[in-house]
Each structure stands twice: as C-alpha cells, then as structure tokens.
Amino acid sequence: MKASVKNPALAEKHVARVVEVCRLIESAEEMPNLKQLAVHAGLSVYHFHRVFKRVTGLTPKSYAVAHRAKRVRDQLERSGTVTEAIYDAGYNSNSRFYEKSKQILGMTPSSYRAGGANTEIRFAIGECSLGSILVAASGKGVCAILLGDDPDALAHDLQDRFPKSNLIGGDVEFEQLVAKVVGFVEAPAIGLDLPLDLRGTAFQQRVWQALREIPAGSTASYTEIANRIGSPKAVRAVARACAANVLAVAIPCHRVVRNDGELSGYRWGVERKRALLKREAGAR
DNA sequence: GGTTCTCTGCCGC
DNA sequence: GCGGCAGAGAACC
C-alpha cells in the first residue's frame with residue numbers, strides 16, 4: 001500500500017516547513033502555542049495542525065511535550081539544582097512538574113539527577129516453555145521481560161538496556177513475581193495485572209499502547225497499527241518501535257505480522273513468535 | 001469548576 | 001490543498 005503523493009514539490013515544502021517549526025520548538029524558551037507555530041509555518045492553525053501531524057506522526061503539542069521532557073532530562077544531568085533544570089527546560093511550575101515526574105522520568109527528579117544510578121532494578125531469571133525468561137522491575141513496575149536460550153546473555157541484555165541502574169538479583173519475594181509472569185507467558189489470555197514501567201518516546205508509547213489493544217488470538221499488520229495510531233505513513237517507524245519493545249508478551253509485538261500474514265522477524269526468535277501465536281490461537 | 005488550548009470530523013471554496 | 005466551524009476533550013489555574 002503506497003501513499004499517493006499527488007504533488008511531490010508541495011509535499012517537500014510541507015516537510016521543510018515542519019522541520020523549521022520543529023527547530024522553533026527546540027530553540028524556544030517557552031513552549032510556543034499552536035497559533036505561533038502556525039504563523040511561523042505560514043498556514044492556518046487548522047491546516048498547519050493537520051500537515052504537522054501528517055509529516056511527523058505527532059501533533060505539535062505532543063511533539064513539544066516530548067521535546068520538553070527530553071530537555072529536562074538533559075538539564076537534570078547538567079544544571080545546579082533540580083528547580084533550575086525544571087525551569088530551564090521550559091516548565092513554568094515546579095510543583096506541577098513534580099506531580100508528573102514519575103510519568104516523565106520514571107522516578108523523582110532528584111534520583112534521576114543522581115544519574116538514574118541510584119534507582120534499583122530487581123530481576124530474576126527463570127525457565128518457561130519458551131526457554132529462559134528474565135523479568136525485571138523498577139519501583140514503578142515491570143520494566144523488562146526478555147526471552148532467550150542463554151540466561152547469561154539475558155542478564156547482559158538487561159545491563160545494556162539499563163546501564164545506569166543498580167541491577168539486583170531477585171530475592172524470594174521477587175521470585176513470586178517471576179512466577180506470575182511465567183504463568184502469564186504460558187497463558188497470555190489470562191492477562192497480566194501488574195503495573196508496567198514503559199520507557200520510550202511518545203511515539204513508541206503510542207505504538208505499544210496500540211499493540212496492547214490487539215486481543216490474544218488475533219494479529220495485526222504493521223500497516224494496520226500505523227493506521228490505528230493515526231499515522232498511516234509511519235509503517236517503518238512502527239516496525240522499529242515494535243523491535244524496541246523489551247516487554248515480551250506483555251506488549252504483544254508477537255501479534256504483529258507482515259501484510260501478507262507471514263511472520264516477520266521477532267526480537268526473541270521467530271520460532272518463539274510462532275509458538276506464542278499458535279498457543280493463543282488454540283486458546284480461543 | 002470555569003476557562004483556555006488542543007484536536008478532529010466535517011464541509012465549503 | 002487550504003481554511004474554518006463545531007464540539008469533544010485535555011490542560012491549566
């Protein structure tokens with residue numbers, strides 16, 4: 001399915017304008033509002049909004065919000081105080097930032113500033129029908145479910161994924177959590193009622209949310225997911241977001257297949273993908 | 001809780 | 001392609 005671009009020259013012009021607007025957002029002290037951005041692009045607010053979303057896959061607002069979040073992360077590592085970092089990043093109230101800090105940073109600003117280093121991630125490795133499974137959780141929720149053949153490789157994978165965190169081998173209590181996740185992997189239809197700690201860009205989060213809405217026993221194509229999140233042209237970006245998923249089964253990227261129904265790649269091996277899908281299809 | 005801003009479906013040019 | 005309205009929803013104060 002190829003998107004028809006009737007006028008390539010115009011499309012290019014739009015891209016150029018959107019890029020410029022993105023620069024404006026990035027360089028502005030305060031978050032510009034929609035009107036200002038539209039004026040900058042030389043379009044009406046309405047039309048500009050649509051063009052921006054078509055080109056980037058994000059609305060101007062969510063782009064700006066995501067950028068501000070990135071900026072505050074950078075600032076927290078650099079500036080003298082937490083408050084300074086918050087205001088420098090363009091937030092105009094630090095109390096409201098604190099309210100949302102868990103959402104934005106996954107932790108409090110001060111612990112983030114400590115390099116994110118002092119956050120603890122507990123993990124344990126077990127066995128399930130698909131091979132070895134590693135389950136890791138931060139204080140916020142489950143942050144990784146990895147599958148593989150080699151337990152050591154899984155541990156390394158986790159280390160690469162969370163280089164700044166203290167990784168702590170699981171204790172007895174944690175083993176219960178692992179057991180729960182293993183149970184869920186064996187029978188995904190029962191659902192996993194654990195909080196998840198999702199770390200990704202705004203776009204990735206949208207993709208992952210869409211994946212979680214695919215019911216067990218059915219599949220969707222990358223194109224369908226792109227349509228569902230309102231970015232029909234972002235098929236490749238969708239595929240990349242799926243590949244970036246570290247929560248096997250909990251975010252069911254295994255339910256995404258090629259347009260022709262064939263299985264495409266799977267981070268943890270196509271055979272596991274096939275096994276999962278077969279099991280889910282049978283459980284219906 | 002009211003207000004303002006964002007977002008989208010729909011229509012007209 | 002572009003602008004605009006209406007109305008719902010989210011963010012803000």
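Within every chain, numbering begins at 1; the chains are lettered A, B, ... in the order of the sequence lines, protein sequences first and strands thereafter. For clarity, every value in this text was computed on a predicted model and none was experimentally measured.
- Atom P of nucleotide dG3(C) and atom NZ of Lys35(A) are separated by 13 Å, given to the nearest angstrom.
- Partners of Ala226(A) under the side-chain contact (heavy atoms from CB on, under 4.5 Å) rule, at least two apart in sequence or in another chain, are Val235(A), Val238(A).
- In this view, Tyr91(A) satisfies the side-chain hydrogen bond (donor to acceptor under 3.5 Å, both in side chains) rule with no residue, not counting sequence neighbours.
- Distance, Glu12(A) CD to dG1(C) P: 15 Å, rounded to whole Å.
- The side-chain contact (heavy atoms from CB on, under 4.5 Å) test applied to Ala234(A) returns Phe203(A), Ser231(A), Ala237(A), not counting sequence neighbours.
- No continuous path of hydrophobic side-chain contacts links Val39(A) to Tyr46(A) [ILVMFWY only; heavy atoms under 4.5 Å].
- Of the candidates Leu211(A), Thr219(A), Asn245(A), Pro252(A) forms a side-chain contact (heavy atoms from CB on, under 4.5 Å) with just one, namely Leu211(A).
- Toward the 5′ end of DNA chain C lies the nearest nucleotide of Gly42(A), the other residue of the pair Lys61(A) and Gly42(A) mapping further downstream.
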Using atom names, set out every protein N or O paired with an N or O of nucleotides 8-10 of chain C below 3.5 Å, distance rounded to 0.1 Å.
none

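- The span of DNA chain B lying next to chain A, judged by atoms under 4.0 Å from heavy atoms, is bounded 5' to 3' by dT6(B) to dC10(B).
- Nucleic acid contact class of Lys100(A) (heavy atoms, under 4.0 Å, all strands): sugar-phosphate only.
- Of the residues in residues 44-55 of chain A, those with a non-hydrogen atom less than 4.0 angstrom from any atom of DNA chain C are Ser44(A), Tyr46(A), His47(A), Arg50(A).
- Partners of Ser129(A) under the side-chain hydrogen bond (donor to acceptor under 3.5 Å, both in side chains) rule, at least two apart in sequence or in another chain, are Glu186(A), Arg279(A).
- For residues 67-76 of chain A, the set of pairs meeting the salt bridge (Lys or Arg N to Asp or Glu O under 4.0 Å) definition, not counting sequence neighbours, comprises Lys70(A)-Asp74(A).
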message: Walk me through whether Arg96(A) and Glu99(A) qualify under salt bridge (charged side-chain N to carboxylate O under 4.0 Å, His left out).
response: CA-CA 5 Å; Arg96(A) 264 186 295 114; Glu99(A) 277 171 33; over 6 Å; no

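- For the pair Arg206(A) (side chain) and Gly57(A) (backbone), a donor-acceptor distance under 3.5 Å is present.
- In this structure, Thr81(A) has no side-chain hydrogen bond (donor to acceptor under 3.5 Å, both in side chains) partners at least two apart in sequence or on a different chain.
- If you check residues 20-28 of chain A against DNA chain B, you find no residue with a heavy atom closer than 4.0 Å.
- In terms of the side-chain contact (heavy atoms from CB on, under 4.5 Å) criterion, residue partners of Leu154(A) (sequence neighbours excluded) are, by chain and number, Ser132(A), Leu134(A), Leu146(A).
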message: Run the salt bridge (charged side-chain N to carboxylate O under 4.0 Å, His left out) test on Arg228(A) and Glu213(A) for me, step by step, so that the C-alpha distance in whole Å, both residues' side-chain angles and the decisive distance to 0.1 Å come before the verdict.
response: CA-CA 10 Å; Arg228(A) 280 179 208 174; Glu213(A) 284 161 12; over 6 Å; no

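- Here dC13(C) presents its C1' atom at 12 Å from CD of Glu99(A), a figure rounded to the nearest Å.
- With sequence neighbours left out, the side-chain hydrogen bond (donor to acceptor under 3.5 Å, both in side chains) criterion links Thr56(A) to no other residue.
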